[in-house]
Protein chains: 2
Amino acid sequence: MQTPPLPRPSDNPRHQQVHEAVRALVREQGVQISMDAVAARAGCSKQTLYARYGSKQALLLQVLSDDGNNRATLAGTPDAATLRPRLAAFARDHLARLSQPDTIGTARLVTAQATQFPDEVRALFDTCVGGLQERLAHWLQQAMRRGLLRHDDPHFAAELLLGMIVGLDFDRQRFMFPHRDTAAQQADWADFAVDSFLRAFAPPASRA
Amino acid sequence: MQTPPLPRPSDNPRHQQVHEAVRALVREQGVQISMDAVAARAGCSKQTLYARYGSKQALLLQVLSDDGNNRATLAGTPDAATLRPRLAAFARDHLARLSQPDTIGTARLVTAQATQFPDEVRALFDTCVGGLQERLAHWLQQAMRRGLLRHDDPHFAAELLLGMIVGLDFDRQRFMFPHRDTAAQQADWADFAVDSFLRAFAPPASRA
DNA sequence: GTCTATAGCCAGATAGAC
DNA sequence: GTCTATCTGGCTATAGAC
């Protein structure tokens with residue numbers, strides 16, 4: 001009973017080659033990519049792409065689905081000693097992932113397709129951002145129950161914290177504006193955001 | 001010495017008709033709009049558009065520049081009594097403008113063109129979002145100097161507050177996800193964000 | 001100035017040989 | 001399965017009549 005072949009498309013090296021070609025083109029050329037360019041970059045012909053993926057849309061959606069699983073996580077359970085460093089590490093992780101060129105390229109591409117394929121785009125957002133918010137909310141709820149944070153709606157608190165962490169920086173990237181691209185800059189902002197959040201959500205008892 | 005004709009393109013009703021056609025198409029069809037569609041919607045021919053605007057890009061940029069001037073403002077100077085309500089009003093105003101269909105359509109279109117026309121897109125972001133952040137930072141700085149808020153970098157504070165106000169809602173709109181589209185929902189979130197911000201930036205003296 | 005008609009091009013998808 | 005070559009449609013931009 002060894003592991004079966006498990007022919008997941010993401011494991012096939014030929015598929016990875018095509019995916020990487022799409023990502024590179026999206027990074028460099030933005031949302032306007034042609035199947036000719038993908039084929040040339042991947043070193044195959046258009047017909048091969050169509051035989052495998054059926055259409056341009058199907059190919060793009062498969063690449064985007066793969067990219068969506070690249071999200072920060074919060075491990076462990078919060079306690080008084082780890083609350084702040086865990087949140088700070090999460091914030092830095094999140095900012096680092098958002099500043100990857102693939103992430104901003106993917107965001108541009110998905111945004112451009114939102115009107116034409118609302119259902120698929122909605123599903124992508126739900127699994128990526130929605131899942132992130134949900135995990136963060138769960139973690140914050142644990143902290144609230146342990147008296148480490150003031151009691152409030154954990155879902156709201158998670159959205160607020162994510163907004164604080166991102167600030168305007170992801171929009172700066174979207175719009176080609178200079179943004180915080182060094183780890184030091186991101187760490188400074190992450191600490192600023194987390195410190196502000198912890199002040200806003202300090203439990204009332206901590207004032208005594 | 002009456003007012004001169006002042007032939008600003010935005011005042012010309014024919015231009016407004018074309019602009020409205022572009023906006024309607026962007027709302028409905030997203031980033032993929034053709035000059036044929038614009039001409040049909042505006043009730044003129046393609047050649048008229050090219051004679052007036054020269055190219056598709058020039059037309060789009062002119063429409064986008066017009067839309068960029070639709071931003072919330074903060075009037076007056078802050079004092080202890082008006083600090084919270086002024087910020088809450090600003091937050092509601094900002095959220096209301098962001099949820100307008102034209103705003104999200106414009107954001108999608110600009111994002112899609114960022115890679116091809118980085119300079120123009122950068123300039124748009126600078127005047128719109130950058131100007132908004134700057135005005136907010138100036139207002140917050142006044143509040144800090146009067147002891148209404150803790151002393152901190154007003155530019156950072158402004159970005160943080162804008163991130164809190166927007167949260168994830170503008171991304172929800174971008175990605176066709178259900179968002180806070182009623183005034184009541186937006187007011188609830190605006191109050192939540194502003195209250196959290198004021199707790200995080202309360203001056204240390206207020207604890208006495 | 002505004003229209004109809006068209007040139008020229010590019011991209012998505014397919015046909016058919018190997 | 002993969003390639004070369006091609007079809008087809010739509011799009012930007014222009015030409016020329018009125």
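Proteins get letters first, then strands, A, B, ... in listed order; numbering begins at 1 in each.
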Output a table of donor-acceptor pairs, distance under 3.5 Å, between side-chain atoms of residues 30-37 of chain A and any protein atom two or more places apart or on a different chain; print 'none' if there are none.
from	atom 1	to	atom 2	distance (Å)
A:Q32	OE1	B:Q116	NE2	2.8
A:S34	OG	A:A37	N	3.1
A:D36	OD1	A:K46	NZ	3.4

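- When the side chain to side chain contact (heavy atoms under 4.5 Å, CB included) test is applied to B:A72, the partners found at least two apart in sequence or on another chain are B:F90, B:D93, B:H94, B:R97.
- With respect to B:R23 and B:E28, no salt bridge is recorded, no charged nitrogen being found less than 4.0 Å from a carboxylate O.
- Looking at residues two or more places apart in sequence or on another chain, you find a side chain to side chain contact (heavy atoms under 4.5 Å, CB included) between B:S196 and A:L160, A:A200, A:F201, B:M164, B:F192, B:R199.
- Residues from residues 45-60 of chain B lying near DNA chain D, meaning a heavy-atom separation below 4.0 Å, are B:K46, B:Q47, B:Y50, B:S55, B:K56 in numerical order.
- B:F156 and A:W189 have perpendicular rings, their planes meeting at more than 60° on a 0 to 90° scale where under 30° would count as parallel.
- Put simply, the side chain of A:R145 does not reach to within 4.5 Å of the side chain of A:Q142, judged on heavy atoms.
- In this structure, the salt bridge (Lys or Arg N to Asp or Glu O under 4.0 Å) partners of B:R122, at least two apart in sequence or on a different chain, are B:D119.
- Read 5' to 3', the first and last nucleotides of DNA chain D with an atom closer than 4.0 Å to a heavy atom of chain B are D:dC11 to D:dA15.
- The stretch residues 105-116 of chain B does not touch DNA chain C, since none of its heavy atoms comes less than 4.0 Å from the strand.
- Judged as a side chain to side chain contact (heavy atoms under 4.5 Å, CB included), and not counting sequence neighbours, the contacts of A:P154 are A:A137, A:Q141, A:M144.
- B:D191 pairs by the salt bridge (Lys or Arg N to Asp or Glu O under 4.0 Å) definition with B:R92, not counting sequence neighbours.
- Side-chain N or O atoms of A:Q133 include one that pairs as donor or acceptor with a backbone N or O of A:H155 at under 3.5 Å.
- Shown here are the ring-ring contact (aromatic ring centres under 6.0 Å, His included) partners of B:F177, two or more places apart in sequence or in another chain: A:F125.
- Only B:I33, B:S34, listed by number, bring a heavy atom of residues 24-34 of chain B to less than 4.0 angstrom from any atom of DNA chain D.
- With sequence neighbours left out, the side chain to side chain contact (heavy atoms under 4.5 Å, CB included) criterion links A:A96 to A:Q186.
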